[in-house]
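Shown next, in structure tokens, is the structure this report addresses.
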2 protein chains.
Amino acid sequence: MSAKRIVPEPQPRGPELDKRKAYILTTVVYEYIATAEPVGSATLTHKYNLGVSSATIRNEMAELEARGYLVQPHTSAGRIPSDTGYRTYVDRLMPPETLTPEENEHVRVEFAKAGRALDEIIEQTTKLLAQLSQNLAVVVAPSRDTQTFRHLQLIWLAERSILMVVVTTAGVAEQHVIEPETSVDPDDLTRYSNALNKRLSGKLLPELDYEAVEAALFDIRPHVQPSVIDGVARGLAATRRPEERRILFGGAHHLLDQPEFRDLKKLRSILDLVEEQRTLYQVILDSIEKGDAPTVRIGGELELDDMSECSLVTIPYRMGDRSMGVLAVLGARRMPYGRMMALVSATAGNLSQHLTDVALP
Amino acid sequence: MSAKRIVPEPQPRGPELDKRKAYILTTVVYEYIATAEPVGSATLTHKYNLGVSSATIRNEMAELEARGYLVQPHTSAGRIPSDTGYRTYVDRLMPPETLTPEENEHVRVEFAKAGRALDEIIEQTTKLLAQLSQNLAVVVAPSRDTQTFRHLQLIWLAERSILMVVVTTAGVAEQHVIEPETSVDPDDLTRYSNALNKRLSGKLLPELDYEAVEAALFDIRPHVQPSVIDGVARGLAATRRPEERRILFGGAHHLLDQPEFRDLKKLRSILDLVEEQRTLYQVILDSIEKGDAPTVRIGGELELDDMSECSLVTIPYRMGDRSMGVLAVLGARRMPYGRMMALVSATAGNLSQHLTDVALP
DNA sequence: GTTAGCAGTCTGCGAAAGTGAGTGCCAAGA
DNA sequence: TCTTGGCACTCACTTTCGCAGACTGCTAAC
């Protein structure tokens, strides 16, 4: 559940924060996340039990600013956390959070309602995550390449037209039309189907190339016409390029609630990112590390122009022990990190469990 | 290609517009669509060849306002068209528009690139329409109820677990898991599949209820266990409730380019509509009439709160001679209606053609 | 029926002034 | 050496005011 630090490497500026400085940094982050207003020394002494006067807080805050944890939007304003400040908060200061029992139950129920069709599950997950996070939810759908072959059926459509239906263990059924050079006997199609199912079931889709299909058919019929073998292999191994992997979005309208997106330019840059997909896909994939813990990237750590006001929380999900895709929440840098992490963890956990449950044997 | 009038009934206020008034109304609409600024009498005399002075135009505009075609945002501003003004423009004054040969070619090429999978086609169409219209594109996906059954295959998974794959003529393959009360012999599954394919192919999915399945199996096996019949029938006829029909959106970010959505409230109300789906679905379906012509609903005609600044252009699309769904463009009321209508016509035409081409025999 | 001219209205913009939140620093106190 | 009250200062934000500009409606003349 602990976040991974990605970029940049922590710069040890002077000694560790002492207890009071750590507490002040914590309260500033907490208060700023809650109010979206720069936090002043008086606010802290009033709202939190610090035991010292505002003047002392001022001194401490000046020090925290000098060390790079806080910044002042302008001379006569309170402080807001810098990327480093947020990073320290997330990694070391933040209290661990969990969802309420009701929320956990809600997530559980939503997944219990979900069907078996992969597309539908993924779509519902996106909606759920958007609703819970009140931010932009992003889901990278499973790659076809991680799915294993379960069953196929060749169906005679017309003289030179064969329909091939492929079922994967993820419960995805897709169809391809094969147009052989010369007509094939319908009974042969059934024999081909049986042979292929027997030999290839359980293999990863990308492995099923021309040679694999030819070999699987060899026993029952050494000289199947190449156009059929080719058609079958294409249908099985046909894979989208990775950058074309499906990405789903949900809850963009929640962004309008955040004061940071009152500024149309910032809203624009985030929506453009959504539109472009490729960049976002790259960033999300870069964020993922081994293991099932959520990863946080804060502001400038995203290394995207115009995204310095945003943060991204990502977590992988799986089917069985195979990684399938990624859930992410993209929102203002001023987001409740603890809650977001608890939330993506719970969602990813339930999603993984559900996918594993509905996987075909 | 001519728009349908929906709501409200035209109120014949006084005589028809004379030629000059009609021309002035046309130029006001045209100019306002182009500039988003209220149009004054001086602007018209300068930019258009009216042959009379601005004072005359003022008199005419006052008359047009009195008759309900124009309104003044405030006393000392120029005029903008009212719903009635736009309606008159769309129905009677607007010059017919067509896409440029390059644009037509672009649309053609995009569809030529599209695959055979229904989901993919619909998704790409949404993107294309958003890109061309530079507005919010909305696509109501085909209902499962309009598709005919083409093929099914029952596949033995485990002792009490059968996978049923269903293929429709729209080229959609979907899978359902059936859990019979007692185990079924794998060879029997093949026999069932063959019988069902032979008897039911070509029927509409919603017709395939318990009785239909039972009857189709009766010849080969009079007493198939009810749990299997029920499972098959559910898988075939299983239909989402109509209000759960899938709706796709694209190009929401284009709205940010329109000056009318600088105001976050208006942006908000349109995004909320998108989120809610049900209302929008209803409005889009209400808009559709018989025939393949685009339908326009302007501002208040939508009868939606907070949508008085928006217009909707809708058009149905089909596969073969069966209506499948609706394309729509939702944007500011100040939209280039002629172009939008040409655009949805072209897109729907190509989409219908493509769907018809890829339909399974 | 058309036109020039003029008074009147309203918006939008920028400057000026006032308000308030919050800081930094200093000198005294613990 | 750390803490604190006090004070001067800074800067954003808001309000007000006045002015320029865009348009209209109306009237009287053509």
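Note that the coordinates shown come from a computational prediction; the quantities given were computed from them, not determined experimentally. Each chain gets a letter, A, B and so on, in the order the sequences are listed, and its residues count up from 1.
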Exercise for the section: Could you check Thr56(A) against Ser53(A) for side chain to side chain contact (heavy atoms under 4.5 Å, CB included), going step by step and ending with a plain yes or no? Expected result: CA-CA 5 Å; Thr56(A) 307; Ser53(A) 76; 3.5 Å; yes
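- A straight line from NZ of Lys47(A) to P of dG22(C) spans 11 Å, rounded to a whole angstrom.
- Between the side chains of Tyr337(A) and Ser311(A), at least one donor N or O lies within less than 3.5 Å of an accepting N or O.
- Remark on the helix from dG1(C)-dC30(D) to dA30(C)-dT1(D): inter-end axis angle 20°, axes from five-pair C1' superpositions, rounded to 10°.
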Quick tally for nucleotides 23-30 of chain D: nucleotides whose base has a protein heavy atom under 4.0 Å get B, sugar-phosphate-only ones S, the rest -, giving BBB-----
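- A straight line from OH of Tyr32(A) to P of dG22(C) spans 14 Å, rounded to a whole angstrom.
- One interatomic measurement links the two molecules: CD of Glu37(B) to C1' of dA22(D), which rounds to 11 Å at whole-angstrom precision.
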Run the salt bridge (Lys or Arg N to Asp or Glu O under 4.0 Å) check on Arg87(B) and Asp83(B) step by step: do they pass? CA-CA 6 Å; Arg87(B) 170 55 63 201; Asp83(B) 283 356; over 6 Å; no
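- Side-chain atoms of Gln134(A) never come within 3.5 Å of backbone atoms of His254(A) as a donor-acceptor pair (strictly under, hydrogens ignored).
- Taking side-chain N and O atoms only, Thr56(A) has no distance below 4.0 Å to OP1 or OP2 of dT3(D).
- Between Arg339(A) and Glu97(A), none of the side-chain N atoms (NZ, or NE/NH1/NH2) sits under 4.0 Å from a carboxylate O, so this pair counts as no salt bridge.
- Taking atom CD of Glu63(B) as the reference point, atom C1' of dT2(C) lies 15 Å away to the nearest angstrom.
- Legend: residues meeting ring pair (Phe, Tyr, Trp, His ring centres under 6.0 Å) with Phe249(B), ordered by chain and number and at least two apart, are absent.
- The nearest whole Å value for the distance from the CD atom in Glu60(A) to the P atom in dG24(C) is 13 Å.
- Summarising the geometry, the separation between CG on Asp18(B) and C1' on dG1(C) is reported as 12 Å, rounded to the nearest angstrom.
- Atoms CG (Leu44(A)) and P (dT3(D)) sit 16 Å apart, rounded to a whole Å.
- Under the 4.0 Å criterion applied to side-chain N and carboxylate O atoms, Glu63(B) and Arg20(B) are not assigned as salt-bridge partners.
- Distance, Arg20(A) CZ to dT3(D) C1': 8 Å, rounded to whole Å.
- Using cut-offs of 30° and 60° on the angle between ring planes, the pair Tyr48(B) and Tyr30(B) is perpendicular.
- Each of Arg333(A), Arg334(A), Lys265(A), Lys266(A) was evaluated against Glu260(A); a single residue qualifies, Arg334(A), per the salt bridge (charged side-chain N to carboxylate O under 4.0 Å, His left out) test.
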